[in-house]
Amino acid sequence: MPLDTIIQLDKASIFQRDTLVLSDVTLEIDRGEFCYIIGKTGTGKSSLLKVLYADLPLVEGYAKVAGIELADIKPRMIPYLRRKIGIVFQDFQLLNDRSLRDNLLFVMKATGWRDKVAMEERMEDVLEKVGLRTKGFKMPHQLSGGEQQRVVIARALLNDPDIILADEPTGNLDPDTSEGIIELLFEISKTGRAVLMATHDYTLIQKYLARIFKCENGKVEDLNPEHRIQRQNQEA
Amino acid sequence: MARQEDIIVGKRLKNSYISTVVSITLVLYVLGLLGLIVLHAKMISDHIQENIGFSVILTDNARQADINLLQNSLDTKPAIKSTNFVSKDEAAEELIDELGEDFIEFLGYNPLFPSIDVRLRAGYTHPDTVAVFENQLMENRIVKEVYYQRSLVHLINENIKRIGAVLLLFSVLLTIIAFALINNTIRLSVFSKRFLIKSMQLVGATQSFIRKPFVIKGVIQGIIGAMIAIGLLIFTLYTAQKQIPELQAFQDINLLFMLFVIVVFLGIIISWISTFFAVRKYLKIKTDNLYFY
């Protein structure tokens, strides 16, 4: 495994309950790389992402994410894995009983932040990045879908994760807002974080070129492996 | 408009909190009420048992020194609450008062014997214990006879035992019901937050970090519920004593305080256990399985 590989799967099988969804999945993603996962509904895109953040168990094969092996991962280790990953969900998964600032504060407290000044600074920093610095006092239901997705991205950035996993983050958004979200994720990937994004939005894929994995017939295919090689050559 | 909506949402959240506290209060109140009944039943049964006694009939020629020795030895026994010596003359006076005529004048002599009336402590009134006393006393040469109503002692003990067993069974049953009702109320309240719990897990919070605020809130609800239940119990006791003043004779502040401590303890422990396991359930299941509940 090269030094900058942040996600590695080798002959992994992905199961949804007892049903085999994807088999023989082998892929490597580097630090700072932006990748799409495409495929029809039900082809296993979300299941693949769920395995990566340990919401589904890895039944067969090998997987290593941000330095943590996923086979037989102990439940008490899962929170520590998730702190290395920023997750962006289609349905946001915000804590709807508290304001945006409290959403962010919860994550920071849950992940071991203690210094109040540092917490405030970090919160301002990520809200600034997603363009919501003035809306921290609002409740999630008082924001538009695009704004809520931006909060989710801000939340994902709090702990400076190695990887951002985005499960159809633009699925509920209009084309203009979707473009804004993609641009934001591209910018994040340029800061050295790997971004793996499941999507159906082919217009955006054509506009924002990146490496593509396609889920089809129970397999995952790397459609443009040359993209990675080019990137590695550029880095070298 | 949005502000008004926030107020409505806030009110709804408060209502769900209050309804949980009300459920806990009512269950603890019923449990406390049973505790009050058990306490009073125990005090009344002790009172009845301590009125059980026997008379030690002494020989006519018993010397006063021997009588004093016997009475002193009885007074030192833990089973005996009190003794009272009734001389031959006092016994005659009592009987004359009861009969309303002077039987000594009629008979020409006093046929009664001196005696010691003995009252036992509750817990020592079992017929077997009384029989052992009787045998021990009969070995004393100044004791002529030990007199008590065997059938009454037996009957009182049997009834107290039966009532005690029914109350115990009822208490156990009600404690289980209380646990089940509070558990269901809390589980429903946690159930409504199952997706929130899952979201917390997905952003990297540990199980204990997620569980802590839920458990603290549950315990606070338990304490508030217990306090209100105690207030209601005090009011009930006050009203009952006003209606039946005789009940005041059976009031023991220490035992009442202990009952209230038990109500608070049950409120805390049941809420704590129920919240702990309700949250744990949703922490353990996979996101997809949440939709099956």
Side-chain angles (χ1 to χ4, degrees), chain A residues 15-17 19 46-47 49-51 53-57 66 74-89 91-99 102-113 137-143 151-152 154-159 161 165 167, chain B residues 1-18 20 188-218 220-221 275-277 279-293:
Chain A
F15 284 81
Q16 183 67 264
R17 293 173 172 267
T19 315
S46 295
S47 300
L49 291 179
K50 281 181 180 175
V51 167
Y53 59 82
D55 197 34
L56 282 180
K74 299 267 181 297
R76 65 182 166 79
M77 279 305 293
I78 293 173
Y80 301 99
L81 166 75
R82 289 179 184 166
R83 288 173 194 187
K84 295 186 169 198
I85 304 171
I87 313 173
V88 181
F89 305 91
D91 56 355
F92 315 134
Q93 298 278 359
L94 287 167
L95 310 178
N96 291 314
D97 61 342
R98 60 200 80 190
S99 69
D102 287 342
N103 263 274
L104 301 181
L105 270 177
F106 175 86
V107 175
M108 286 195 274
K109 282 182 188 166
T111 52
W113 289 65
F137 66 94
K138 291 212 170 191
M139 297 293 281
H141 69 271
Q142 294 172 321
L143 299 177
V151 179
V152 177
R155 182 180 68 183
L157 290 173
L158 278 173
N159 285 312
L165 298 178
D167 192 359
Chain B
M1 188 70 185
R3 182 145 179 77
Q4 201 176 353
E5 222 171 78
D6 290 346
I7 292 167
I8 293 168
V9 170
K11 266 188 186 169
R12 275 187 197 149
L13 285 174
K14 240 181 236 172
N15 282 346
S16 91
Y17 187 90
I18 290 169
T20 308
L188 270 178
S189 147
V190 173
F191 171 79
S192 66
K193 303 239 164 97
R194 65 197 188 283
F195 289 105
L196 195 76
I197 292 171
K198 202 37 82 180
S199 298
M200 289 173 171
Q201 263 186 311
L202 289 174
V203 295
T206 56
Q207 294 195 358
S208 58
F209 187 86
I210 297 169
R211 202 161 35 217
K212 201 171 152 190
F214 282 95
V215 171
I216 290 172
K217 187 180 156 194
I220 290 172
Q221 282 176 329
T275 315
F276 183 91
F277 285 104
V279 177
R280 186 169 170 262
K281 180 182 167 187
Y282 297 111
L283 284 171
K284 293 268 176 204
I285 56 178
K286 297 282 167 207
T287 313
D288 290 344
N289 294 344
L290 284 177
Y291 297 93
F292 290 99
Y293 285 89

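Numbers restart at 1 for each chain; the letters A, B, ... are given by sequence-line order, proteins then strands.
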- request: Give a yes or no answer on whether the side chain of A/Arg83 reaches the backbone of B/Gly204 with a donor-acceptor pair at less than 3.5 Å.
  value: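 Such a contact is found between A/Arg83 side chain and B/Gly204 backbone.
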- prompt: Does the A/Lys50 side chain pair with the main chain of A/Pro57, one donor and one acceptor, at a distance under 3.5 Å?
  reply: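 No; zero donor-acceptor contacts below 3.5 Å.
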Tell me, for [X] versus chain B, whether the close heavy atoms (under 4.5 Å) come from the side chain, the backbone, both or neither.
X        : value
A/Leu95  : both
A/Ala54  : backbone
A/Phe106 : both
A/Phe89  : side chain
A/Arg76  : neither
A/Asn96  : backbone
A/Lys84  : neither

message: What verdict does the side chain to side chain contact (heavy atoms under 4.5 Å, CB included) test give for B/Phe214 and B/Lys193, after you've listed the backbone C-alpha separation in whole Å, the side-chain angles of each residue and the deciding distance to 0.1 Å?
response: CA-CA 10 Å; B/Phe214 282 95; B/Lys193 303 239 164 97; 4.1 Å; yes
field: Ring-face cation contact, B/Phe277 with B/Arg280, 6.0 Å cut, 45° max
entry: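 No.
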task: Specify which of B/Leu202, B/Ile210, B/Val203 makes the most heavy-atom pairs with chain A at under 4.5 Å.
output: B/Leu202
task: Could you tell me the separation between the CG atom of A/Asn159 and the CE atom of A/Met108, rounded to the nearest 0.5 Å?
output: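 If we round to the nearest 0.5 Å, A/Asn159:CG and A/Met108:CE are 8.5 Å apart.
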message: Can you give me the closest heavy-atom contact between A/Lys138 and A/Leu143, atom names plus distance?
response: CD-CD2, 3.9 Å
